[in-house]
Trainee: 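The structure that follows is given in the form of structure tokens.
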Number of protein chains: 2
Amino acid sequence: MQQDERGGKVTIVDIAREAGVSIKTVSRVINREEGVGEETRARVQALVDRLCYRPNVSARSLSSRRSYLIGAIFMRVGAYHYVGEVQVGAMRACRRAGYHLGVEQVRPPEAVGGVQGFAEGLRDARFDGVVLTPPTCDDPEVLAAVEAAGLPYVRIAPHREFERSPYVFMDDRRAAREQTLRLWNMGHRRIAFIDGPADHGSAERRRQGYLEAMRDRGVEPRPEWIAKGEFLSLSGFNATEALLRLKERPTAIFAANDEMAVGALAAAAKNGLSVPRDLSVVGFDDTPAAEAAWPRLTTVHQPTAEMAEAAVEMLIDGFGDERFRARVTARKLGYRLVQRDSAAPPSA
Amino acid sequence: MQQDERGGKVTIVDIAREAGVSIKTVSRVINREEGVGEETRARVQALVDRLCYRPNVSARSLSSRRSYLIGAIFMRVGAYHYVGEVQVGAMRACRRAGYHLGVEQVRPPEAVGGVQGFAEGLRDARFDGVVLTPPTCDDPEVLAAVEAAGLPYVRIAPHREFERSPYVFMDDRRAAREQTLRLWNMGHRRIAFIDGPADHGSAERRRQGYLEAMRDRGVEPRPEWIAKGEFLSLSGFNATEALLRLKERPTAIFAANDEMAVGALAAAAKNGLSVPRDLSVVGFDDTPAAEAAWPRLTTVHQPTAEMAEAAVEMLIDGFGDERFRARVTARKLGYRLVQRDSAAPPSA
DNA sequence: TCTGACTAAGACAACGTTGTCTTAATCCAT
DNA sequence: ATGGATTAAGACAACGTTGTCTTAGTCAGA
């Protein structure tokens, strides 16, 4: 069997010759199509395994008009931590289904090229479908470009137009509610909340969850307990300083994201408060900053990788379904409360 | 001109017909090959632009045996921040040269599949070449798999076997030296260093840079000024607590990475020291944690994206060069000191 | 035994490029 | 004018699959 190594490239022809069948039959076996006898299928499959045959993706996609490529679309590949998380999950789902993952970037608005360059890239990348991550999943121009290219797509955590495409999401509101109740159940009653930017959907949902929890427990949070924030650590720092100056100082602070929680930790330290002894601080997202912080942040894990995985799954499942876009579906994924070191019962 | 929109797909045949030339001539124009007259070239190019023709990558790679795909190889796509940075830079270089970026992951050792699955993925992804990021760039099994696949590759910041392939790097030692001197020039004399893990090449180079700077200024750092660390925030915290207990307390601390610097900030706060008034803290890497920290960390920017960009450039430039592997080259990239808020002249 | 329906498998033409040859035209030095 | 280079462009066959037809062969029911 010297042809195993003929230049390292084993083609479908080699398998067919060796098995004594036509290449079409081999093709049928590989693609799990019907029309092949039990015994023939086994013989071909064995040969495929033995010779380590892998179909040539270019030939395959040229012929079948499928690229076996899923695109993940980001606004700034470098900026957010979840880019990596999304890719992990997406790659998992891709590999399971024999697909590969390509990465495409919509240049942020301030850059040249903009959505133009993105549309071009989309065209010749020839994805079979794409997954849109926030904030691209709510950008009208991006959506238009993807739809113009005729690509099926699934959105991750969209904020708007839920009926426009299938999507995956997590229940921010409910998670925030539980996060708040966790503090409540520790014995905290004066719980403050550091809000995110006004136009940020997830920030709003988290605030609602906080409010809901407090009201559930019969407490109407005072307006001054809800501090404005910008999802940046400095804003968390400033908000916390203000909160600590209140005459009835909160015993716990729930920041709408981890970064602001880190700022809150700094403000506590500056004011001579030891966390969690004198003040509890919790965050949201479970980014690496939460692990890096000191004390390590108690937070809520957002299942980013799993959401991406689910999105790719939905995408691949939907292929071949003409009414893909029409049959809008959604999948909700669970969060997970992460207990670390920044929250404890109030000492008073 | 209604054939512009024939199903949205413009092929080389359309251009050829419209221009009244053979498809081969169009192909020559597109690939900037010679053998086409000035006037013909212009006419074809105009048509290409007008009809928005983009070559079909599958057909192209099937025929030319090139995939126009560069692979970026990571150990854990989700774990490190620089994954995103690397992709940004790599995509920049790819797009410039008409390539696309694929992402492949070597499952970390503890996962099933390991290098096996990676080798398979490599095979059918059909990259034209790959860029290896740390720590995959020093993993013997990964290197073996890539070489077995016959793929040209460039390594980013390797620690060992520099003669084995082209690579890009930055001068950690020199950057650390400058970082140290920056503190010195502010007036600090008792400068402590928090080291990284013993087997980590970049940690070692940074320590050497620190030592070199101190000795240049005629100071032999006392052994107790060099604290062990593990590149994690907790180790930075502990190291700092120990340093602050010294009778001659350092006025500045240089942590070998940002994460430990964040831990140092927390330790300072816990000990009632205001940074940078009572203690200066500087880090290294310029990760998002440095921005998120409070006060924002003065650090050294590692040009991760640029290194990836350079790596992809080297790779693409090397295509067609048979002796690619043999002609080992290296490219050094510059770092940048980032001045933020965690370092200032000593108050004493 | 014949017919029609079904099954397993093959023949053959795409798919949209690029690589290798070949040809026709032009040019310059003889 | 003549021959050898040089240049611009075309003809034609890959590239390695999949899609669409077609063809034997088998089986059940009349």
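Within every chain, numbering begins at 1; the chains are lettered A, B, ... in the order of the sequence lines, protein sequences first and strands thereafter.
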Trainee: Is the side chain of B/Thr136 donor-acceptor paired with the backbone N or O of B/Leu132 at a distance under 3.5 Å, no angle test?
Mentor: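 Pair absent, no side-chain N/O of B/Thr136 close to backbone of B/Leu132.
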Trainee: Can a salt bridge be assigned to the pair B/Glu309 and B/Arg95 using a cut-off of 4.0 Å between side-chain N and carboxylate O?
Mentor: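 The answer is no: the pair does not qualify as a salt bridge.
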Trainee: Looking at every heavy atom in both B/Val131 and B/Ile156, which two are closest together, and how far apart are they?
Mentor: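 Minimum heavy-atom contact is CG1-CD1, 3.5 Å.
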Trainee: A/Arg66 CZ to C/dC15 P: how many Å, rounded?
Mentor: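 Checked: the CZ to P distance equals 18 Å.
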Trainee: Keeping the roles fixed (side chain from A/Asp128, backbone from A/Arg66), state whether a donor-acceptor pair exists under 3.5 Å.
Mentor: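 Answer holds: no.
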Trainee: Between B/Tyr68 (OH) and C/dG16 (P), how many Å, whole number?
Mentor: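 That distance rounds to 18 Å.
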Trainee: Verify the contact: side-chain N or O of B/Ser22 to OP1 or OP2 of D/dA9, cut-off strictly under 4.0 Å; return yes or no.
Mentor: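 No, B/Ser22 has no side-chain N/O under 4.0 Å of OP1/OP2 on D/dA9.
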Trainee: Could you check how far CZ of B/Arg60 sits from C1' of D/dA14, rounded to whole Å?
Mentor: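 So the two atoms are 17 Å apart, to the nearest Å.
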Trainee: Between B/Arg41 and B/Arg65, which has a closest nucleotide on DNA chain D that is more 5'?
Mentor: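 Of the two residues, B/Arg41 wins.
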Trainee: Counting heavy atoms from C-beta on, name the nucleotide in D/dG10, C/dG16, D/dT17 closest to the side chain of B/Asn56.
Mentor: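 My answer, after comparing the listed nucleotides, is C/dG16.
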Trainee: D/dC15, D/dT18, D/dC21: which one has an atom nearest the side-chain heavy atoms of A/Ser64?
Mentor: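 Of the options given, the side chain of A/Ser64 lies nearest D/dT18.
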Trainee: From C-beta outward on B/Tyr53, which listed nucleotide comes closest to its side chain: C/dG10, D/dT18, C/dT17?
Mentor: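 The answer is C/dT17.
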Trainee: Of all the choices, D/dA11, D/dT18, D/dC15, which nucleotide is nearest to the side chain of B/Leu62 once you look at every atom?
Mentor: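 Of D/dA11, D/dT18, D/dC15, D/dC15 is nearest to the side chain of B/Leu62.
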Trainee: Starting at the 5' end of DNA chain C and moving along, which residue's nearest nucleotide shows up first, B/Ser63 or B/Arg28?
Mentor: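 Its nucleotide being nearer the 5' end, the pick is B/Ser63.
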Trainee: Hey, does the side chain of B/Thr40 come within less than 4.0 Å of D/dA9's phosphate (OP1/OP2), counting only N and O?
Mentor: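 So the side chain of B/Thr40 is within the cut-off, an N or O lying under 4.0 Å from OP1 or OP2 of D/dA9.
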Trainee: Applying a 4.0 Å non-hydrogen cut-off, can you work out what A/Val21 is touching in the nucleic acid: base, sugar-phosphate, or nothing?
Mentor: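 Sugar-phosphate contact only - A/Val21 comes under 4.0 Å of backbone atoms but never of a base.
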Trainee: If we ignore hydrogens and angles and just use 3.5 Å, is the side chain of B/Ser67 paired with the main-chain N or O of B/Arg126 as donor and acceptor?
Mentor: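 Between the backbone of B/Arg126 and the side chain of B/Ser67 there is a qualifying donor-acceptor contact (under 3.5 Å).
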Trainee: Nearest-Å distance, CZ (A/Arg32) to C1' (C/dA8)?
Mentor: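 Spelled out: CZ on A/Arg32 to C1' on C/dA8 is 19 Å.
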Trainee: Is there a side-chain polar atom (N or O) of A/Ser27 under 4.0 Å from OP1 or OP2 of D/dT18?
Mentor: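 For D/dT18, OP1 or OP2 has a side-chain N or O of A/Ser27 closer than 4.0 Å.
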Trainee: Using whole Å, report how far CD of A/Glu39 lies from P of C/dT7.
Mentor: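 One finds 19 Å between P of C/dT7 and CD of A/Glu39, rounded.
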Trainee: Does B/Ala59 or B/Val36 map to a spot on DNA chain D nearer the 5' end, using the closest nucleotide for each?
Mentor: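 Of the two residues, B/Val36 wins.
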Trainee: Between C1' on D/dA9 and CD on B/Glu33, what's the gap in Å once rounded to a whole number?
Mentor: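 Interatomic distance, CD of B/Glu33 to C1' of D/dA9: 13 Å.
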Trainee: Just compare C/dT20, C/dG10, C/dT18 and give me whichever is closest to any side-chain atom of B/Asn31.
Mentor: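 Looking only at side-chain atoms, B/Asn31 lies closest to C/dT18.
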Trainee: What is the distance from CD of A/Glu38 to C1' of C/dA9, rounded to the nearest Å?
Mentor: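 Result: 16 Å.
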Trainee: B/Lys24 has an atom NZ; how far is it from atom C1' of D/dA8, in whole Å?
Mentor: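 Distance check: B/Lys24 NZ to D/dA8 C1' gives 13 Å.
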